[in-house]
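So the structure is just underneath, and the comments pick up after that.
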2 protein chains.
Amino acid sequence: MPRPSKPLISRTAAVAAALEIIDTEGLEAFSVPRLAKHLGVQAPSLYYHFADKAELMSAVALHVIGDVSLPRRKPGPDWPEYFVTLGLNFRTGILRHRNAAPILLQALPRTVLLRRYEEAAEFLAASGVPEELHVQILDGMERLSLGAVLTEAVRSPGSRATIFPNVDPASQPALARALAANDRTSKRLYEEMIRSFLYGVVRDAELPAAQPTAQGRRLTS
Amino acid sequence: MPRPSKPLISRTAAVAAALEIIDTEGLEAFSVPRLAKHLGVQAPSLYYHFADKAELMSAVALHVIGDVSLPRRKPGPDWPEYFVTLGLNFRTGILRHRNAAPILLQALPRTVLLRRYEEAAEFLAASGVPEELHVQILDGMERLSLGAVLTEAVRSPGSRATIFPNVDPASQPALARALAANDRTSKRLYEEMIRSFLYGVVRDAELPAAQPTAQGRRLTS
DNA sequence: ATTATCTATAGATCTATAGATAATGC
DNA sequence: ATTATCTATAGATCTATAGATAATGC
């Protein structure tokens with residue numbers, strides 16, 4: 001039946017199905033014929049909606065980060081918390097689809113992220129953060145959050161429980177002690193990592209100094 | 001000739017050839033038959049040296065990070081520079097083989113990195129850094145450097161020149177201003193990112209405070 | 001005329017195993 | 001006997017295009 005009364009395929013349905021395959025069977029399991037079977041159509045039909053496989057993957061990547069919501073916070077001296085929230089949202093969104101994480105690295109058009117950067121840059125300016133630091137903060141946040149989340153996403157199910165897997169106290173005593181002295185979860189480490197970074201960036205700036213945590217103190221100049 | 005006088009294939013030669021293919025033709029171009037042709041042997045012969053393709057990829061990943069040398073620094077109050085050097089070595093080593101970067105994310109056994117962490121943990125202890133911070137620092141350094149370098153490695157040749165590509169001053173004025181106010185290269189941003197992070201981690205600790213840069217100042221308590 | 005599917009198929013690969021075979025080392 | 005290659009091949013895919021075809025909307 002060469003043209004159905006109602007279209008069988010839509011881009012969004014195709015992307016959702018692709019993500020479902022990747023989530024449940026892994027990235028390797030994904031292919032165009034595979035997706036077609038999942039949708040109950042023939043493989044070549046998908047090429048009517050996507051130019052090629054790369055465009056499909058790109059659409060999947062967009063869908064994954066499209067779910068990440070931007071923080072609704074007022075500019076001000078606690079501006080670092082905007083980025084902490086952003087980073088955590090980002091982490092949650094990606095970990096929901098951890099098998100798709102490698103796609104983000106390769107197929108994510110950077111121009112998409114840039115639209116968010118503009119808003120973040122405005123936020124920084126409105127918060128009184130010196131302009132010289134904006135690129136440091138935005139570039140740093142991109143690298144840090146993408147990297148931090150990707151490494152977490154590809155971790156095997158077995159090694160997810162501990163921060164470092166298979167530490168042998170006999171041959172790695174210093175590491176074992178370090179682990180024993182740590183009481184933070186992976187999520188908490190990530191969250192604090194963002195605060196630390198932002199605090200460090202503004203360490204020499206006059207103001208607005210970061211007051212990221214309850215114990216946060218002001219820098220003297 | 002079913003067995004040559006001298007072996008035609010060695011693991012190291014195979015890995016080196018694999019990396020050469022990946023470097024010059026991209027990760028997609030790599031396959032076992034492809035590697036065999038490059039070595040002048042038949043594809044199945046490679047399965048005598050590697051159990052499967054995954055083991056081969058893993059060996060390639062190991063080779064890439066094997067080139068990264070550990071810093072030779074004495075423990076002391078400028079301990080952050082140990083990590084800055086480590087991070088820069090890591091960056092240089094990976095950017096030498098940027099097409100192989102995605103392999104590191106997926107095929108790198110974490111136990112390999114752990115051997116280095118033990119040395120780093122000893123170094124932190126000897127420098128007088130409180131034990132509670134060791135995991136924060138090691139975990140943070142892993143996420144930060146892997147992430148920062150991967151995002152840099154997959155950047156397309158065209159967009160490498162600028163920090164953010166295709167910024168339109170009309171629609172993205174805040175971003176354009178931020179870029180204009182930035183005078184740092186990608187490498188420099190990465191380097192300072194590590195310093196900022198480490199400085200931030202110890203921001204509340206009594207001592208040894210980080211003195212990462214010439215302008216570095218001490219925290220008051 | 002345009003839209004959205006289908007069938008058919010080109011064309012190129014891949015991964016991995018089984019089993020033969022000759023050189024080497026004991 | 002072991003080592004290190006080879007040939008042959010199973011078996012499974014893939015990506016993508018060409019061209020047919022029927023439903024829809026003008």
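Proteins come first, then strands; the chains are lettered A, B, ... in the order of their sequence lines, and each starts at number 1.
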**Item:** Options D/dT5, D/dT15, C/dT15, nucleotide nearest the side-chain atoms of B/Tyr48
**Value:** D/dT5
**Request:** Mind calculating the distance between CZ (B/Phe50) and C1' (C/dT15) to the nearest angstrom?
**Result:** 15 Å
**Complete:** Taken to the nearest whole Å, CG/A/Asp52 to C1'/D/dA16 is 9 Å
**Request:** Could you let me know what C/dT24 is paired to, Watson-Crick or G-U wobble, both distances under 3.5 Å, or none if it's on its own?
**Result:** D/dA1
**Item:** Nucleotide C/dT13, atom P - distance to CD1 of B/Ile21 in whole Å
**Value:** 14 Å
**Asked** Do B/His97 side-chain atoms and B/Val60 backbone N/O form a donor-acceptor pair below 3.5 Å?
**Response** no
**Prompt:** Are any of B/Gln42's side-chain N or O atoms less than 4.0 Å away from OP1 or OP2 of D/dC6?
**Reply:** no
**Closest to side chain of B/Lys53, choosing from C/dA16, C/dA8, C/dT24** = C/dA16
**Fill in**
Ranking C/dT5, D/dC6, C/dA23 by distance to the side chain of A/Pro2, first place goes to C/dT5
**Request:** Nearest whole angstrom, please: distance from the C1' of D/dT7 to the CG of B/Leu8.
**Result:** 15 Å
**Message:** Measure CD/A/Glu55 against P/D/dT15 and give the value in whole Å, please.
**Reply:** 15 Å
**Asked** Where each residue is assigned the nucleotide of DNA chain D containing its nearest heavy atom, which of A/Ala29 and B/Val41 is assigned the position nearer the 5′ end?
**Response** B/Val41
**Asked** Has the side chain of A/Arg3 got a donor or acceptor atom sitting under 3.5 Å from an opposite partner on the base of D/dT21?
**Response** no
**Prompt:** Angle class for the A/Phe123/A/Phe83 ring planes (parallel below 30°, perpendicular above 60°, tilted otherwise)?
**Reply:** perpendicular
**Request:** Please check if any side-chain donor atom of A/Ser171 sits under 3.5 Å from a side-chain acceptor atom of A/Asp168, or the reverse.
**Result:** yes
**Message:** Considering every strand and a 4.0 Å limit on heavy-atom distances, what is the contact class for A/Ser31: base, sugar-phosphate, or nothing?
**Reply:** sugar-phosphate
**Message:** Rounded to whole Å, please give me the gap between NZ in A/Lys37 and P in D/dA12.
**Reply:** 12 Å
**Prompt:** C/dT7, D/dA4, C/dT24: which one has an atom nearest the side-chain heavy atoms of A/Pro44?
**Reply:** C/dT7
**Asked** Atom CZ of B/Arg11 to atom C1' of D/dT3: distance rounded to whole Å?
**Response** 16 Å
**Message:** So A/Phe30 and A/His38, do their side chains get closer than 4.5 Å, heavy atoms only?
**Reply:** no
**Message:** Does A/Ser45 reach a base, just sugar-phosphate, or nothing at all? Heavy atoms under 4.0 Å.
**Reply:** base
**Complete:** Applying the 3.5 Å cut-off to both distances, the Watson-Crick or G-U partner of D/dC6 turns out to be C/dG19
**Request:** Would you indicate, yes or no, if D/dA16 has its OP1 or OP2 atom less than 4.0 angstrom from a side-chain nitrogen or oxygen of A/Tyr47?
**Result:** yes
**Request:** For the pair A/Glu28 and A/Arg34, evaluate salt bridge (charged side-chain N to carboxylate O under 4.0 Å, His left out) and give the outcome as yes or no after the intermediate values.
**Result:** CA-CA 11 Å; A/Glu28 315 281 277; A/Arg34 196 69 185 258; over 6 Å; no
**Message:** Quick one about B/Ser186 and A/Arg143 (side-chain donor to acceptor, distance below 3.5 Å, no hydrogens or angles considered), yes or no?
**Reply:** yes
**Asked** Roughly how many Å is it from NE2 in B/His49 to P in D/dT2, rounded to a whole number?
**Response** 18 Å
**Request:** Would you kindly compare B/Lys6 and B/Arg34 by the position of their nearest DNA chain C nucleotide and give the one closer to the 5′ end?
**Result:** B/Arg34
